[in-house]
Amino acid sequence: MEKNYNDLIAEAFINPIRSVLIVDDDYPTLHEILLDDDAQKEKHGHKNWKENRAKVRKIIEEFRRPEAPYLLDIHDGTSPSEETDERQVHTLHQTDLLILDYQLDKSKEGDGSKAVRIAREALANKHFNLILVHTQEPLERVFREFVIGLSVPRHGNPPDSFSETIQKFLDNYEDDLLKAVTDSQYIWTTLLENRPDDKLRRAVQAGTSPWGDVKAVLDKSGLNRSEWLSVVKYALQLFEMNNSKFFSTEDLGVSYWGQDPVKFIRGARGFIAFKDKKEGGELLPAMQKALSAWNPRPPRLMLTKLRAEMNERGIEVQDDALGESDVGAIWYHRVLKADEQNLDAIVNTTVRNHAEQLLDKLLPNVSTFAKEIRLVDQGLIDKGVDPVEVVKEHFRVDLTDTEVLTKARMGHNAFVGSKPAKSAHLELGHILRIGDEYWLCLTPACDMVPKRHRGSPWDRTEGIKRFTALLLDKKADKVGISNAVKGGQIFANILKDDGTSERLAFSAAKKPESSPAWMMMYVENDGYLPQEDAPRCSVSYVSPSSSDGKSRLEMKHVEATVCGMLRYEYALEIQSRFITSQSRIGLDFVDDRDANAQAED
């Protein structure tokens with residue numbers, strides 16, 4: 001039977017659900033049911049579930065019928081204080097699906113602050129949560145409250161002073177502007193795609209939803225369009241100040257949401273859907289409908305399926321991934337003998353090896369799932385839909401745009417060719433930035449192990465690790481892409497000093513037929529690196545003297561930043577080209593080029 005995309009979403013997100021927790025102050029807990037009648041009435045007499053048994057039973061039976069594989073628990077969400085509630089919630093969020101009632105305090109009509117607080121705690125933990133907010137309040141208001149309550153302020157403080165024209169505008173139209181910039185406009189700015197100033201400026205000037213009323217105020221005022229962005233950002237800053245108590249103090253990664261036709265919020269560690277209690281009906285279909293509205297991209301579906309396979313079959317395939325007991329014995333013997341500096345390298349390497357074998361056991365089912373995703377979209381292509389349009393629907397990326405296509409190709413090549421530069425010490429494939437230049441470590445991995453030396457060369461010094469460094473020739477994006485399959489090309493995600501990354505293209509040599517530029521470098525502290533995102537290390541190399549202009553050599557010492565790392569197979573490809581360049585035949589041959597060109601080679 002052919003599957004559609006909704007079926008695949010259910011397979012990846014809904015089918016793996018095993019534990020369900022209902023947090024609702026109107027539902028009976030197991031502890032409450034075990035109390036005698038007098039104690040039950042005294043402690044829980046405010047609940048009305050006995051008058052609504054049919055509704056409560058219907059919700060519970062959805063997760064308790066024979067074919068439902070769920071472990072169900074109920075928490076009434078009541079606690080003596082906010083502090084107690086926050087301590088209790090740590091036992092609540094380790095669940096696959098959290099059914100969260102909006103109003104958990106009957107003494108505060110229409111107040112969902114406690115539910116928002118529980119959602120914050122759930123999204124802050126390391127367990128991925130599916131959360132369904134169940135409410136009798138208007139969904140639009142509840143949705144906006146959750147978006148703001150799960151977001152952190154991003155617009156900063158208002159400036160101390162303004163230009164004369166802006167101040168004049170504020171004197172006459174500030175009240176109108178602040179009435180126009182409400183929670184609707186604010187939550188628009190929480191979307192990651194809407195955060196750049198240019199995007200906000202264009203939306204306000206065009207008056208696209210929800211900025212129509214704001215544009216009307218600005219048009220009426222006669223304020224120059226070049227200053228519209230400043231006054232709108234001022235209004236957003238005041239909104240944050242006036243509503244500061246409703247925001248989260250921790251960044252929960254809420255950068256994507258949808259509200260038409262289905263409301264949902266996507267956080268870094270969870271997904272939140274919304275359902276109106278007055279509509280009735282089962283809850284899981286509402287969650288699946290919201291997941292379908294989110295429309296997770298194929299790569300996310302595949303990784304979610306892999307996570308589900310890991311949870312489902314991880315123990316089953318673990319023995320095969322571990323190998324024989326003598327394999328583990330050798331590894332652990334090395335762990336026990338290792339000094340503190342080498343311990344991370346030994347542990348990380350072995351864990352990586354076992355993880356690869358575990359992944360190999362899980363891949364068949366994930367690969368089958370990935371082919372089913374393709375099969376769904378292949379049906380559209382068979383009907384004449386251009387694959388570019390299918391891609392655009394999933395990823396919002398228009399590959400017919402030349403600039404977008406170049407950026408996407410750079411991103412793809414950098415993703416497959418490089419990885420995060422996480423390592424205990426400098427090693428093969430690391431990219432170092434020294435000043436404006438980029439150098440690639442090409443010394444074999446075994447020779448980069450700290451405190452391990454081959455032979456006794458004259459330049460061997462205790463605490464110093466020498467390595468071959470190849471100077472990378474930076475290329476424009478289009479040039480790098482045009483030469484991508486010719487070999488000797490490097491694409492990498494490079495960390496900048498400000499913590500952001502950029503996609504860069506390099507070549508191992510200036511010209512395909514020329515030899516690479518390289519030198520021997522020396523790194524201090526045996527090559528050990530600080531445990532940070534872009535670690536710095538002290539590097540030395542021999543260079544002509546720059547102090548007195550005489551023709552002599554001196555040792556120079558500089559700081560290098562480890563800003564990227566090639567995947568092993570790509571580092572080996574560059575290494576093999578470098579080795580080949582060191583052994584050539586035909587140095588006395590001549591060709592049709594002039595002598596100066598040959599000398600430059």
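Model, not experiment: these values are computed from the prediction. The first residue of the sequence shown is numbered 1, and numbering continues consecutively from there.
Under the 30°/60° scheme for interplanar angles, the aromatic rings of Tyr5 and His394 are found to be tilted. The aromatic rings of Tyr256 and Phe264 sit tilted, their planes meeting at an angle between 30° and 60°.
Taking all atoms of both residues into account, the shortest heavy-atom contact from Met410 to Ala505 is CE-N, 3.8 Å. The two residues Leu132 and Ala286 make their nearest non-hydrogen contact at CD1-CB, 4.5 Å. Between Gly429 and Leu440, the closest heavy-atom pair is O-CD1, 3.5 Å. Contact detail for Ile481 and Arg409: the closest heavy-atom pair is CD1-CB, 3.7 Å. Smallest separation of non-hydrogen atoms from Leu432 and Ala560: CD2-CB, 3.6 Å. Contact detail for Val23 and Leu98: the closest heavy-atom pair is CG2-CD1, 3.6 Å.
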Audit row: Tyr570, Ile490, side-chain contact (heavy atoms from CB on, under 4.5 Å) steps and yes/no: CA-CA 8 Å; Tyr570 288 87; Ile490 294 169; over 6 Å; no
Evaluation steps, salt bridge (Lys or Arg N to Asp or Glu O under 4.0 Å), between Lys419 and Glu569: CA-CA 12 Å; Lys419 63 180 182 178; Glu569 59 270 31; over 6 Å; no
side-chain contact (heavy atoms from CB on, under 4.5 Å) evaluation trace for Trp331 with Asp326: CA-CA 9 Å; Trp331 167 72; Asp326 54 357; over 6 Å; no
Residue pair Val390, Ile381: steps toward the side-chain contact (heavy atoms from CB on, under 4.5 Å) verdict: CA-CA 8 Å; Val390 175; Ile381 295 172; 4.2 Å; yes
Criterion side-chain contact (heavy atoms from CB on, under 4.5 Å) on Thr190 and Trp257, from CA distance to verdict: CA-CA 9 Å; Thr190 63; Trp257 47 260; 2.8 Å; yes
Side chain to side chain donor-acceptor pair (under 3.5 Å) between Thr468 and Trp518, intermediate numbers included: CA-CA 7 Å; Thr468 300; Trp518 66 279; over 6 Å; no
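Within the model, atoms OG1 of Thr561 and CG of Leu495 stand 10.0 Å from one another, a figure rounded to the nearest 0.5 Å. Between atom CG of residue Leu123 and atom CD1 of residue Ile265 there is a gap of 8.5 Å, rounded to the nearest 0.5 Å. Distance check: Leu343 CG to Leu336 CG gives 9.5 Å after rounding to the nearest 0.5 Å. Taken from CD1 in Ile22 to CD1 in Ile99, the straight-line distance is 6.0 Å, to the nearest 0.5 Å.
At a threshold of 4.5 Å between non-hydrogen side-chain atoms, the residues Arg120 and Leu252 count as touching. Side-chain contact check for Ile17 versus Val20: some heavy-atom pair is nearer than 4.5 Å. With a 4.5 Å cut-off on side-chain heavy atoms, Pro444 and Gln575 count as touching. Proximity of Arg266 to Trp294: side-chain heavy atoms (C-beta onward) are separated by under 4.5 Å at one or more points. The closest side-chain heavy-atom distance from Val116 to Phe146 is below 4.5 Å. Inter-residue side-chain proximity for Leu21 and His75 is flagged as met; some heavy-atom pair is nearer than 4.5 Å. Here the side chains of Tyr70 and Leu97 are not in contact, with every heavy-atom distance at 4.5 Å or above. At least one side-chain heavy atom of Met519 sits less than 4.5 Å from a side-chain heavy atom of Trp439.
Between Asp497 and Arg433 a salt bridge is recorded (basic side-chain N to carboxylate O distance below 4.0 Å). The pair Arg577-Glu573 meets the salt-bridge criterion, with a side-chain N (NZ, NE, NH1 or NH2) lying under 4.0 Å from an Asp/Glu carboxylate O. Comment: Arg269 does not engage Glu250 in a salt bridge, judged by the lack of any side-chain N to carboxylate O separation of less than 4.0 angstrom. Here Glu437 does not pair with Lys474 in a salt bridge; the nearest charged N to carboxylate O distance is not below 4.0 Å. Between Glu524 and Lys465 no salt bridge is recorded (no basic side-chain N to carboxylate O distance below 4.0 Å).
With Phe369 as the fixed residue, the side-chain contact (heavy atoms from CB on, under 4.5 Å) test singles out one of Glu309, Lys305, Lys3: Lys305.
Remark: Lys407 NZ is loosely packed, at most 12 non-hydrogen atoms of other residues, nucleotides or ligands lying under 6.0 Å away. At most 12 non-hydrogen atoms from other residues, nucleotides or ligands lie less than 6.0 angstrom from CD of Glu462. In the displayed structure, Gln357 atom CD is contacted under 6.0 Å by more than 12 heavy atoms of other residues, nucleotides or ligands. Atom CZ of Arg195 has more than 12 neighbouring heavy atoms from other residues, nucleotides or ligands inside a 6.0 Å radius. Around atom CZ of Arg374, no more than 12 heavy atoms belonging to other residues, nucleotides or ligands sit under 6.0 Å away. No more than 12 heavy atoms of other residues, nucleotides or ligands shown are found within 6.0 angstrom of OH on Tyr568. Counting non-hydrogen atoms of neighbouring residues, nucleotides and ligands closer than 6.0 angstrom, the NZ atom of Lys478 reaches no more than 12 such neighbours.
In this structure, the side chain of Thr349 does not engage the main chain of Ile346 through any donor-acceptor pair within 3.5 Å. Distance alone, capped at 3.5 Å, places no donor-acceptor pair between the Asn483 side chain and the Lys486 backbone. Formation of a donor-acceptor pair under 3.5 Å by the Glu62 side chain with backbone atoms of Leu283 is found in this model. The backbone N or O of Ser19 sits less than 3.5 Å from a side-chain atom of Asp96, completing a donor-acceptor pair. Panel note: side chain Ser581, backbone Pro516; no donor-acceptor pair is recorded below 3.5 Å. No donor-acceptor distance shorter than 3.5 angstrom exists from the side chain of Asp526 to the backbone of Tyr528, with no hydrogens or angles considered. Put simply, the side chain of Glu559 never gets that close to the backbone of Arg536: no donor and acceptor are under 3.5 Å apart. A donor-acceptor pair is defined here as one N or O able to donate and one able to accept, closer than 3.5 Å; no such pair exists between the side chain of Asn493 and the backbone of Pro420. When atom types are taken as modelled, the side chain of Arg18 and the backbone of Leu71 share no donor-acceptor pair closer than 3.5 angstrom. Formation of a donor-acceptor pair under 3.5 Å by the Asp251 side chain with backbone atoms of Gly253 is found in this model.
The salt bridge (charged side-chain N to carboxylate O under 4.0 Å, His left out) search around Arg466 returns Asp459, not counting sequence neighbours. Under the side-chain hydrogen bond (donor to acceptor under 3.5 Å, both in side chains) criterion, Lys422 pairs with Asp533, not counting sequence neighbours.
Side-chain polar atoms of Gln378 and Asp382 form a donor-acceptor pair below 3.5 angstrom. A donor and an acceptor atom, one from each side chain of Ser507 and Asp473, are nowhere located under 3.5 Å apart.
For the pair Arg567 and Phe415, the cation-pi criterion (under 6.0 Å, within 45° of the ring axis) is fulfilled.
The ring of Phe467 has its center no closer than 6.0 angstrom to the ring center of His430. Annotation: Tyr438 is in aromatic contact with Phe506 [ring centroid separation under 6.0 Å].
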